[in-house]
Novice: 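Dropping a structure here in structure tokens format, bear with me for questions.
What you see is a predicted model, and the numbers here were worked out from it, not measured in a lab. Residue numbers start at 1 and run along the sequence shown.
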Amino acid sequence: MANVIVVGAQWGDEGKGKITDLLSASADVVVRYQGGVNAGHTVVVNGRTFKLHLIPSGILYPDTECIIGSGTVIDPEALIEEMDQLERLGVSTRNLWISQTAHVTMPYHRLIDEAEEEYRGRHRLGTTGRGIGPTYADKSDRTGIRVQDLLDPEGLREQLTWTIAQKNILLEKLYNRPPLDAEAVITQYLAYGERLRPHVVDSTLVLWEAVQKKRNILFEGAQGTLLDLDHGTYPYVTSSNPVAGGACVGAGIGPTMIDRVIGVAKAYTTRVGEGPFPTELHGDEGNHLCDRGAEFGTTTGRRRRCGWFDAVIGRYAVRINGMDCMAITKLDVLDELPEIKVCVAYELDGQRTRNFPNSSRQFARCRPIYATLPGWQTPTSHCRSLDELPRAALDYLQFLASEMEVPIAIVSLGAAREQTIIVEDPIHGPKRALLPV
């Protein structure tokens with residue numbers, strides 16, 4: 001048995017969906033532990049593209065149980081739409097379970113999110129506008145709606161009558177938005193509850209029973225380390241904890257039950273939204289990475305900002321998450337470049353540092369210090385073993401492993417499942433020696 005956490009090592013969009021999908025072949029249970037419909041995981045199987053937002057990537061394996069944990073926030077309309085879409089594509093959702101204590105994104109959360117972002121003007125955070133932040137805010141404020149509330153007509157009516165009256169004051173008086181019809185919202189969300197009822201469970205009990213049966217459990221996060229509410233580039237962060245520690249809280253499982261943590265990073269760096277980005281490229285090289293990497297958000301369609309690989313961020317992610325190994329994705333995007341740069345340190349106020357600063361104002365002043373490596377200028381998407389990689393590509397991977405002080409277990413060379421080199425299976429143990437550190 002192995003219980004493994006998959007976590008993003010950058011600003012999200014690292015390709016966690018593909019890596020989770022690959023590892024799900026060996027998993028009995030896959031758990032999504034935080035985030036909401038602001039996440040987007042793209043998985044390509046046999047030439048078919050699946051875009052997932054709330055449902056764990058393991059859903060594509062018919063015998064794998066998938067759990068949406070209590071640390072997530074669920075937009076029931078979006079979830080039902082996603083379930084229906086999968087069913088139309090021939091993917092069963094019979095093994096999908098939803099935590100009864102997960103919080104629910106309501107219509108007023110989306111309206112407030114959009115209004116607040118507009119109100120911020122040049123200080124906007126770059127949110128997706130899907131109501132994620134306001135949902136988590138109500139959770140912390142102890143005024144939130146949970147999935148189990150959707151199954152209790154009397155309780156939901158009592159709670160929403162008061163809550164919507166309060167939110168309408170905010171929408172009308174502060175943001176000049178039209179008020180919501182409380183009765184219409186209550187009716188709509190009770191219908192959502194009935195549709196989801198067969199899938200609602202005590203997810204912590206389901207997980208505990210899986211542990212007792214020594215089943216393989218895979219924990220899937222959304223976003224990435226640098227978007228973590230506590231450890232990311234605050235305030236340009238998400239509203240939850242994507243880091244590995246968040247898996248225990250968001251899934252409802254003790255830390256002693258976790259065996260491994262695998263980080264996922266692109267062979268370069270991207271981010272969406274506002275905030276500092278030391279290695280960002282603004283010219284032809286950045287456009288090349290964006291175009292070859294198809295760097296557009298799964299959820300929003302926004303163009304991602306692109307830059308060179310940042311090993312300072314990588315080392316920080318390894319430390320914060322306690323990563324055992326890494327998966328490097330989109331190596332093939334670099335195939336045509338004559339030379340490739342890696343940020344190995346920052347210059348901050350005239351001083352060289354290899355450590356990530358916790359102050360966002362300091363981070364904004366950081367300037368990258370690069371090491372330059374030769375490119376390989378030959379296709380790699382067909383490679384299925386380390387021996388097939390060009391020497392310069394292998395040298396690049398070894399350099400990343402050395403800089404981040406963590407071995408590389410998986411190398412992805414395209415979107416399809418088969419476009420992958422498995423150096424080590426994080427669930428079933430080593431197949432061969434890891435890339436040297």
Novice: Given the rule in the side chain to side chain donor-acceptor pair (under 3.5 Å) test, do T93 and E87 qualify, once you have shown the distances and angles that lead to the verdict?
Specialist: CA-CA 7 Å; T93 58; E87 294 285 351; 2.7 Å; yes
Novice: I want to check something: taking the side chain as every heavy atom from C-beta on, are I80 and L196 in contact at a cut-off of under 4.5 Å?
Specialist: yes
Novice: Could you tell me whether a side-chain N or O of K330 sits under 3.5 Å from a main-chain N or O of G293, the two making a donor and an acceptor?
Specialist: yes
Novice: CD of E388: more than 12 outside heavy atoms within 6.0 angstrom?
Specialist: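 Atom CD in E388 is crowded, with more than 12 foreign heavy atoms closer than 6.0 Å.
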Novice: Heavy-atom count check: over 12 atoms from other residues, nucleotides or ligands less than 6.0 Å from Q351 CD?
Specialist: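 For Q351, atom CD is not crowded (no more than 12 foreign heavy atoms under 6.0 Å).
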Novice: Give, for atom CD of E280 and atom CG of L289, the distance between the pair rounded to the nearest 0.5 Å.
Specialist: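 These two atoms lie 11.5 Å from each other.
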Novice: Between R48 (side chain) and L89 (backbone), is there a donor-acceptor pair under 3.5 Å?
Specialist: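 Between the backbone of L89 and the side chain of R48 there is a qualifying donor-acceptor contact (under 3.5 Å).
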Novice: When you compare the side chains of D335 and T380, does any donor N or O come within less than 3.5 Å of an acceptor on the partner?
Specialist: yes
Novice: Taking R215 first and then E65, would you say they form a salt bridge - that is, a charged N and a carboxylate O separated by under 4.0 Å?
Specialist: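 A salt bridge is present here (some side-chain N lies under 4.0 Å from a carboxylate O).
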Novice: Indicate yes or no for a side-chain donor-acceptor contact from T72 to the backbone of I74 under 3.5 Å, with no hydrogens or angles considered.
Specialist: no
Novice: Does atom OH of Y234 have more than 12 heavy-atom neighbours, drawn from other residues, nucleotides or ligands, at distances under 6.0 Å?
Specialist: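 Check fails, neighbour count at 12 or below.
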Novice: Flag yes if more than 12 heavy atoms outside D284 fall under 6.0 Å of its CG atom; otherwise flag no.
Specialist: no
Novice: Ignoring hydrogens and geometry beyond distance, is a side-chain donor-acceptor pair present between D63 and N95 at under 3.5 Å?
Specialist: no
Novice: Just to verify, what does F309 make a ring-ring contact (aromatic ring centres under 6.0 Å, His included) with, not counting sequence neighbours?
Specialist: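 If we apply the ring-ring contact (aromatic ring centres under 6.0 Å, His included) test to F309, skipping adjacent residues, there are no hits.
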Novice: Do NZ/NE/NH1/NH2 and the carboxylate oxygens of E77 and R195 come within less than 4.0 Å?
Specialist: no
Novice: Can you sort out the partners of Y316 under ring-ring contact (aromatic ring centres under 6.0 Å, His included), two or more places apart, ordered by chain and number?
Specialist: F356
Novice: Do T20 side-chain atoms and G17 backbone N/O form a donor-acceptor pair below 3.5 Å?
Specialist: no
Novice: I'd like to know if R315 and E403 make a salt bridge, using a cut-off of under 4.0 Å between side-chain N and carboxylate O.
Specialist: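 Salt bridge flag = yes for E403 with R315.
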Novice: Going by an N to O cut-off under 4.0 Å, is there a salt bridge joining D28 and K213?
Specialist: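 Here D28 does not pair with K213 in a salt bridge, since their nearest N and O are not under 4.0 Å apart.
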Novice: Taking the side chain as every heavy atom from C-beta outward, state whether Y346 and N355 have any pair of such atoms under 4.5 Å apart.
Specialist: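 They are not in contact (no side-chain heavy atoms under 4.5 Å apart), so the answer is no.
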Novice: Strictly by modelled atom types, are D138 and H103 linked by a side-chain donor-acceptor pair under 3.5 Å?
Specialist: no
Novice: Got more than 12 heavy atoms from elsewhere within 6.0 Å of CZ, R361?
Specialist: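 No, not enclosed.
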Novice: In Å and rounded to the nearest 0.5 Å, what is the SG to CG distance from C290 to L281?
Specialist: 11.5 Å
Novice: Aromatic contact between F399 and Y396, with the criterion being ring centroids under 6.0 Å apart: yes or no?
Specialist: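 No - the distance between ring centres of F399 and Y396 does not fall below the 6.0 Å cut-off.
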Novice: I'd like to know whether K18 forms a side chain to side chain donor-acceptor pair (under 3.5 Å) with S57, so could you lay out the CA-CA distance, the side-chain angles of the two residues, the decisive distance to 0.1 Å, and finally the verdict.
Specialist: CA-CA 8 Å; K18 175 182 176 176; S57 303; over 6 Å; no
Novice: So, the side chain of H109 versus the backbone of M106: is there a donor-acceptor pair under 3.5 Å, distance only?
Specialist: yes
Novice: Does any part of the side chain of L86, heavy atoms only, come nearer than 4.5 Å to the side chain of L52, both counted from C-beta?
Specialist: yes
Novice: Do the side-chain N and O atoms of T233 and W11 include a donor-acceptor pair separated by under 3.5 angstrom?
Specialist: yes
Novice: Do you see a donor-acceptor pair shorter than 3.5 Å between the side chains of D202 and T204?
Specialist: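 Result is yes, a qualifying pair exists.
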Novice: Give me the one residue out of L334, T329, T279 that meets side-chain contact (heavy atoms from CB on, under 4.5 Å) with Y268.
Specialist: L334
Novice: Which residue, R303, R271, K266, forms the salt bridge (charged side-chain N to carboxylate O under 4.0 Å, His left out) with E295?
Specialist: K266
